[in-house]
*Asks:* 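Below you'll find the structure I mean.
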There are 2 protein chains.
Amino acid sequence: MDQLTVAPVARHTLHEDLVGRIRDLIIEGQLAPGTRIHEGQLGEALGVSRTPLREALKFLASEGLIDLVPGRGGVVRQLSAQDVRNMLDVLVALECLAGRLACRTATDEQIKHVRSLHDRMMKLYASRNRLEYYKLNQAIHSAIATLSGNDFLASTHEAIQSRLKRIRFIGNDEPDNWGEAVGEHVEMIEALERRDEEALTEILTRHLQETWKRVRPII
Amino acid sequence: MDQLTVAPVARHTLHEDLVGRIRDLIIEGQLAPGTRIHEGQLGEALGVSRTPLREALKFLASEGLIDLVPGRGGVVRQLSAQDVRNMLDVLVALECLAGRLACRTATDEQIKHVRSLHDRMMKLYASRNRLEYYKLNQAIHSAIATLSGNDFLASTHEAIQSRLKRIRFIGNDEPDNWGEAVGEHVEMIEALERRDEEALTEILTRHLQETWKRVRPII
DNA sequence: TGCAAGGTTCCTGTATACAGAACGCAGCAT
DNA sequence: ATGCTGCGTTCTGTATACAGGAACCTTGCA
C-alpha cells in the first residue's frame with residue numbers, strides 16, 4: 001500500500017446512523033412526502049431520544065429531504081413537477097461534465113468495471129428483477145460520476161440522484177419505459193468505451209430527457 | 001399584489017440563526033480552516049446552550065463547511081487546491097447552464113437589473129472599494145443563476161459559491177487580478193444583454209478558469 | 001533525559017427536564 | 001349551521017444532567 005488509506009474503525013454515532021435510516025425511510029416511501037415528522041413518536045419507534053434524532057433531521061434538512069417549519073418541526077419535502085424538472089436539468093449538466101472528464105481521464109480498468117456493471121444490469125433486465133436492476137442502474141450513473149475523478153462532482157451528483165431515487169424508481173414501473181431506458185444504457189456504455197465525448201454527452205442528455213418523460217405522468 | 005408572497009412573520013429559531021452566524025464566522029476567517037470547534041466554548045461565546053449549537057453544526061456539516069469526527073466533534077473543513085479546482089469545475093458547469101437558460105427565459109427587466117448591479121460594481125471598482133465590490137461581484141453571479149428560472153440550480157450554485165467565498169475574496173487581493181476580472185465581467189454583461197448564449201458560456205468558462213489562476217497561488 | 005503508564009480533566013454524545021407555542025375540541029354566540 | 005373563543009393537551013425548542021471516551025499532564029522507570 002503506497003498510502004495510508006485504511007478506513008478507521010467504523011465509529012457509529014447515533015445521529016449518523018439515523019441520517020441513513022431516515023433517508024431510507026423517505027426514499028422507500030415509508031415516510032411519504034408531506035408527512036409531518038413526529039419527533040417523540042419516531043424517536044420511540046427507532047429507540048432513541050429526541051436529541052440525536054433532531055440532529056439527524058437538521059442534517060437531512062440541509063440535504064433538502066426535509067423542510068423545517070419553526071414551531072412545527074419537520075415535514076418530508078414534497079417535490080413538485082417543476083422541482084423534479086429543475087433537478088433533472090442540473091443532473092444533466094453534471095453528468096455531461098462527468099462523462100466528458102471520464103472519457104479523458106478514466107483508466108481502461110475503470111471503464112471495464114462500468115461495463116461489468118452494465119452487463120450485470122442487462123441480465124437483471126432479462127430476468128425482470130426490477131429492484132436489483134434499478135439499483136445497478138443508479139450505480140452506473142454514480143460510477144460515471146466517480147470516473148470523472150472529481151470527488152466533489154461525484155458527491156454533488158450523488159446527493160441529487162439520491163433525492164430523485166424514489167421518483168425514478170416509480171418511473172421504471174411501466175414495462176415499455178423499462179425497455180427504452182435499457183436501450184439508452186447500451187448506447188451509453190458503448191460511447192464511454194469509445195471515449196466518445198460528444199456521443200456520450202448526447203446520450204446522457206437524451207437519457208435524462210426521456211427520464212423526464214417517463215417520470216412526468218406520475219408526479 | 002397579484003399573489004400572496006408576503007413573508008410570514010420572521011420566526012427565528014436559535015439553531016437557524018446559528019447556522020448563519022457560524023457560516024459567517026467561517027467565511028470571514030474568524031474560524032480558520034482546520035480549527036476544532038469547541039462546543040462549550042463557542043456556545044458560551046454566542047450565548048446559547050450546546051443543543052441548538054450542535055444542531056447548527058450538523059446542518060453545516062451537511063453543507064460541507066465542517067467535518068464531524070465521531071468522538072471529537074467538529075472541525076472547520078480545509079479545502080485543498082484539488083477541492084477548489086473540483087468545485088470550480090462544477091461551478092462552471094452550473095453557471096453555463098444558468099447562463100444559457102437566462103439568455104432564453106430572462107425578461108428584459110431582469111437583465112437590466114443585472115446591468116445595474118454591474119454598473120454599481122464598476123463604480124466601486126473605480127473607487128477601489130474592495131469589500132463592497134466583491135459583494136456585488138458575487139451578487140452578479142448569483143443573479144445570473146437566479147435568472148435561469150431554475151430555483152434548484154440557483155440554490156445549488158449559491159451553496160457552492162458560498163463555500164468558495166473566502167478563497168475568492170483573497171484571490172481578488174492582487175491589484176492586477178482585480179482589473180482582469182473586471183474586464184471579464186464587462187464581456188459577461190454584454191453577452192447577456194445580447195442574449196448570446198455561446199459568448200456568455202465562453203466568457204463564464206474563461207472567467208472561472210481565470211479565477212482558478214488568480215486563486216491557485218494562495219492555496 | 002526520553003518514554004510509557006496512569007490518572008485527571010475536559011469534552012463529546014445522549015438522555016431527560018422544562019417552558020412556551022401550536023393544535024384540537026368543546027361550548028357559545030351569531 | 002357556522003364561526004369564534006377559551007381551555008387543555010401535545011409537541012417543539014432549549015437548557016441541563018450524566019456517562020463514556022479523548023486528550024493531556026504528571027510521575028515513575030529505563
Side-chain angles (χ1 to χ4, degrees), chain A residues 4 6-23 25-26 30-78, chain B residues 4 6-23 25-26 30-78:
Chain A
L4 203 56
V6 277
V9 180
R11 297 293 303 269
H12 60 289
T13 55
L14 221 39
H15 53 261
E16 271 175 11
D17 290 353
L18 285 173
V19 167
R21 286 288 299 277
I22 300 173
R23 192 193 282 123
L25 288 177
I26 294 175
Q30 293 195 261
L31 286 174
T35 305
R36 201 168 141 183
I37 292 175
H38 204 295
E39 293 173 2
Q41 198 171 304
L42 183 57
E44 196 172 9
L46 295 171
V48 296
S49 80
R50 286 178 54 219
T51 307
L53 178 60
R54 281 177 61 87
E55 292 178 353
L57 292 182
K58 299 295 170 293
F59 199 95
L60 292 168
S62 176
E63 283 188 359
L65 269 82
I66 285 176
D67 288 318
L68 291 179
V69 187
R72 250 176 299 178
V75 180
V76 180
R77 183 172 288 182
Q78 182 95 254
Chain B
L4 204 56
V6 277
V9 179
R11 298 293 304 266
H12 59 289
T13 56
L14 222 38
H15 54 261
E16 271 174 12
D17 290 352
L18 286 173
V19 168
R21 286 286 301 275
I22 300 172
R23 192 193 282 124
L25 289 178
I26 293 175
Q30 293 196 260
L31 286 174
T35 305
R36 200 168 141 185
I37 292 174
H38 203 293
E39 293 174 1
Q41 199 171 302
L42 183 58
E44 197 172 9
L46 295 171
V48 295
S49 79
R50 287 177 54 220
T51 308
L53 178 60
R54 282 177 60 86
E55 291 178 353
L57 293 181
K58 299 295 171 292
F59 199 95
L60 293 168
S62 175
E63 282 188 1
L65 269 83
I66 286 177
D67 288 317
L68 290 179
V69 186
R72 250 176 297 178
V75 180
V76 180
R77 182 171 287 180
Q78 182 95 254

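Proteins come first, then strands; the chains are lettered A, B, ... in the order of their sequence lines, and each starts at number 1. As the structure is a prediction and not an experimental result, all values here were calculated from the model.
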*Asks:* Report the residues that fulfil side-chain hydrogen bond (donor to acceptor under 3.5 Å, both in side chains) with A:Glu39, sequence neighbours left out, ordered by chain and then residue number.
*Replies:* A:Arg50, A:Arg54
*Asks:* Residues in side-chain hydrogen bond (donor to acceptor under 3.5 Å, both in side chains) with A:Thr51, at least two apart?
*Replies:* none
*Asks:* B:Arg36: which residues meet the side-chain hydrogen bond (donor to acceptor under 3.5 Å, both in side chains) condition with it, sequence neighbours left out?
*Replies:* none
*Asks:* Only counting residues at least two apart or in another chain, list the ones meeting side-chain contact (heavy atoms from CB on, under 4.5 Å) with A:Leu14.
*Replies:* A:Val48, A:Pro52
*Asks:* Using a 4.0 Å heavy-atom cut-off to protein, can you give one letter per nucleotide of nucleotides 10-18 of chain D, 5' to 3': B if the base is in contact, S if only the sugar-phosphate is, - if neither?
*Replies:* -SBBBBB--
*Asks:* Can you tell me which residue pairs pass the salt bridge (charged side-chain N to carboxylate O under 4.0 Å, His left out) test with a partner in residues 65-77 of chain B, sequence neighbours excluded?
*Replies:* B:Asp67-B:Arg77
*Asks:* When the axes are fitted on five pairs at both termini, how much does the helix from C:dT1-D:dA30 to C:dT30-D:dA1 curve, in 10° steps?
*Replies:*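 Answer rounded to 10°: the end axes differ by 20°.
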*Asks:* Under the side-chain contact (heavy atoms from CB on, under 4.5 Å) rule, collect the residues that match up with B:Leu31, sequence neighbours excluded.
*Replies:* B:Ile22, B:Leu25, B:Ile26, B:Thr35, B:Val76
*Asks:* Sequence neighbours left out, what passes side-chain hydrogen bond (donor to acceptor under 3.5 Å, both in side chains) with A:Asp17? Give chain and number order.
*Replies:* none
